Amino acid sequence: DDAGEIRSHLEYIINQPDNDYTDYALLLIARMDYDSSDYSSSAQYYDRLSTVSDNQQIVTEAMEGSMKSYYFNKEYDRAIDKANKLLQQSELSMNQKNQANYILGKSYYDKNDYPESLKYLNVYSDETEAGAECRYYAAVCLYNLQRYDEAEEKVYEISDNYGSYIYWTARSFILLSDVYVAKENIFQAKETLKSVIENYPSDERCYDDVLKEAQDKLNVIDKESNE
């Protein structure tokens, strides 16, 4: 097929000593592997590209691609290393800075290092869906660190500033019910869960999962209240 033929040409070029075409071939093959979710391969090609290219724009794209490849491959320590190196580059766009902070925040989160995760989740600075996601995970970090008042404040920040992202708002209110349970405010915990169950739109993403999570938590509270 055409893709296989293109790939064999690219592999031929990158297996030669570095030449005028090496950058372009590495960039194309790295993008191909990244787009097909072959992250361990794309990471290696992006890494090589970041060391051989003299073009700053290509180096930055390679570092970003390498960082994301390692993250999606669950190699969090390498993702963290690449994100820190990316942030040291001059002339990064705000989007690239946000990408690096997102990867740092989520990588530390997945390593259960909540204090470190918070540093980066809190500096993600736009009101996109990724911003809503970062605020949600920041709230989870605060909850896991038993900083319940701050977790509650963070949920209301999500509700106020990211209310159009219904999925993350609902997940945040489910988390808020856990905060209320931890603060022994059982009535508020139940009311919060009932509100999610009654108001989460049936055409919204993960409808069944969100409702099940809220209902399961409500069932546990009811069971414990009756014991």
Side-chain angles (χ1 to χ4, degrees), residues 1-113 116-117 119-121 123-126 128-134 136-138 140 165 167-168 171 205-206 209:
D1 65 334
D2 287 351
E5 203 169 308
I6 292 167
R7 187 179 187 92
S8 62
H9 284 308
L10 294 173
E11 285 175 345
Y12 175 79
I13 294 167
I14 62 181
N15 286 329
Q16 305 304 309
D18 291 347
N19 57 68
D20 291 346
Y21 302 104
T22 306
D23 278 20
Y24 186 60
L26 282 168
L27 186 59
L28 282 182
I29 206 164
R31 284 175 178 169
M32 284 167 73
D33 286 344
Y34 182 87
D35 289 342
S36 62
S37 305
D38 186 354
Y39 298 120
S40 68
S41 180
S42 63
Q44 288 173 359
Y45 288 126
Y46 277 129
D47 278 349
R48 183 175 162 199
L49 178 59
S50 70
T51 61
V52 303
S53 181
D54 296 325
N55 180 319
Q56 188 54 46
Q57 207 173 341
I58 290 178
V59 170
T60 302
E61 180 179 339
M63 293 174 85
E64 190 179 350
S66 168
M67 169 189 79
K68 294 197 292 198
S69 297
Y70 284 125
Y71 173 72
F72 288 125
N73 214 38
K74 298 183 167 55
E75 295 181 67
Y76 300 123
D77 289 327
R78 286 184 170 179
I80 288 165
D81 177 56
K82 298 296 175 185
N84 282 321
K85 285 179 175 155
L86 181 63
L87 286 172
Q88 289 163 12
Q89 298 296 299
S90 57
E91 296 179 32
L92 286 183
S93 68
M94 183 52 75
N95 182 49
Q96 287 166 325
K97 287 178 186 170
N98 275 334
Q99 291 263 7
N101 284 319
Y102 175 91
I103 298 281
L104 284 161
K106 290 294 300 291
S107 294
Y108 280 116
Y109 180 87
D110 288 329
K111 283 162 60 70
N112 300 323
D113 186 342
E116 204 62 28
S117 176
K119 285 183 198 173
Y120 298 102
L121 294 173
V123 295
Y124 190 101
S125 62
D126 70 6
T128 60
E129 179 159 12
E133 182 185 355
C134 285
Y136 167 74
Y137 281 106
V140 178
Y165 300 108
Y167 172 75
W168 293 111
R171 292 286 305 275
R205 69 191 255 207
C206 302
D209 293 342

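Because the structure is predicted, anything quoted here is derived from the model rather than measured.
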* Asked: Given side chains that start at C-beta, do those of Tyr137 and Tyr102 come closer than 4.5 Å, heavy atoms only?
  -> no
* Electrostatic pair Arg31:Glu61 at N-O distance under 4.0 angstrom -> yes
* Please walk me through it: do Tyr109 and Val140 pass side-chain contact (heavy atoms from CB on, under 4.5 Å)? -> CA-CA 9 Å; Tyr109 180 87; Val140 178; 3.3 Å; yes
* Considering all heavy atoms, the nearest Gly105-Tyr120 contact -> N-CB, 3.6 Å
* Asked: Does a donor on one side chain and an acceptor on the other come within less than 3.5 Å for Asn73 and Ser40?
  -> no
* Over all heavy atoms of both residues, which pair between Tyr70 and Asp47 is shortest? Give the atoms and the distance, please. => OH-OD2, 2.6 Å
* Is a side-chain donor or acceptor of Ser107 paired with a backbone partner of Ile103 at a separation under 3.5 angstrom? -> yes
* Please report the closest heavy-atom contact between Ile13 and Ala25, naming both atoms and the distance. => CG2-CB, 3.8 Å
* Asked: Backbone N or O of Lys97 within a donor-acceptor pair of the Asn101 side chain at under 3.5 Å?
  -> yes
* Kindly indicate, with the supporting measurements, whether the criterion side chain to side chain donor-acceptor pair (under 3.5 Å) is fulfilled by Asp33 and Ser41. => CA-CA 6 Å; Asp33 286 344; Ser41 180; 2.6 Å; yes
* Asn15 atom CG, over 12 foreign heavy atoms within 6.0 Å -> yes
* Asked: Which heavy atom in Thr22 sits nearest to a heavy atom in Ile14, and how many Å separate them?
  -> O-CG2, 4.3 Å
* Do Asn55 and Gln57 have side-chain N/O donor and acceptor atoms under 3.5 Å apart? -> no
* To do: Mind telling me whether Tyr76 and Tyr71 have parallel, tilted or perpendicular rings, with 30° and 60° as the class edges?
  => tilted
* **Glu116/Lys106 salt bridge by N-O under 4.0 Å criterion** => no
* Hey, does Glu133 have a side-chain heavy atom less than 4.5 Å from the side chain of Tyr124? -> no
* ring pair (Phe, Tyr, Trp, His ring centres under 6.0 Å) between Tyr34 and Tyr39: does it pass, once the steps are laid out? -> CA-CA 6 Å; Tyr34 182 87; Tyr39 298 120; 5.4 Å; yes
* To do: Indicate the atoms forming the closest heavy-atom contact of Ala100 with Met67, along with that distance.
  => CA-SD, 3.8 Å
* Asked: Checking Thr60 side chain against Gln56 main chain: does a donor-acceptor pair fall under 3.5 Å?
  -> yes
* To do: Check the pair Lys111 / Ile80 against side-chain contact (heavy atoms from CB on, under 4.5 Å), numbers first and verdict last.
  => CA-CA 11 Å; Lys111 283 162 60 70; Ile80 288 165; 3.8 Å; yes
* Using a distance-only test with no angle check, is there a side-chain donor-acceptor pair under 3.5 angstrom linking Tyr136 and Arg171? -> yes
* Heavy-atom check, side chain of Val59 versus side chain of Thr51, under 4.5 Å -> no
* To do: Side-chain contact test, heavy atoms from C-beta onward, threshold under 4.5 Å: evaluate it for Tyr167 versus Cys206 and give yes or no.
  => yes
* To do: Please tell me if the side chains of Gln96 and Gln89 come closer than 4.5 Å, counting only heavy atoms from C-beta onward.
  => no
* To do: Return yes if some donor-acceptor pair links the side-chain N/O of Arg48 with the main-chain N/O of Ala43 below 3.5 Å, else return no.
  => no
* Structure fact -> Residues Met32 and Arg7: closest non-hydrogen pair is CE-CB, 4.2 Å
* Could you go through the salt bridge (Lys or Arg N to Asp or Glu O under 4.0 Å) check for Asp113 and Lys119 one step at a time? => CA-CA 11 Å; Asp113 186 342; Lys119 285 183 198 173; over 6 Å; no
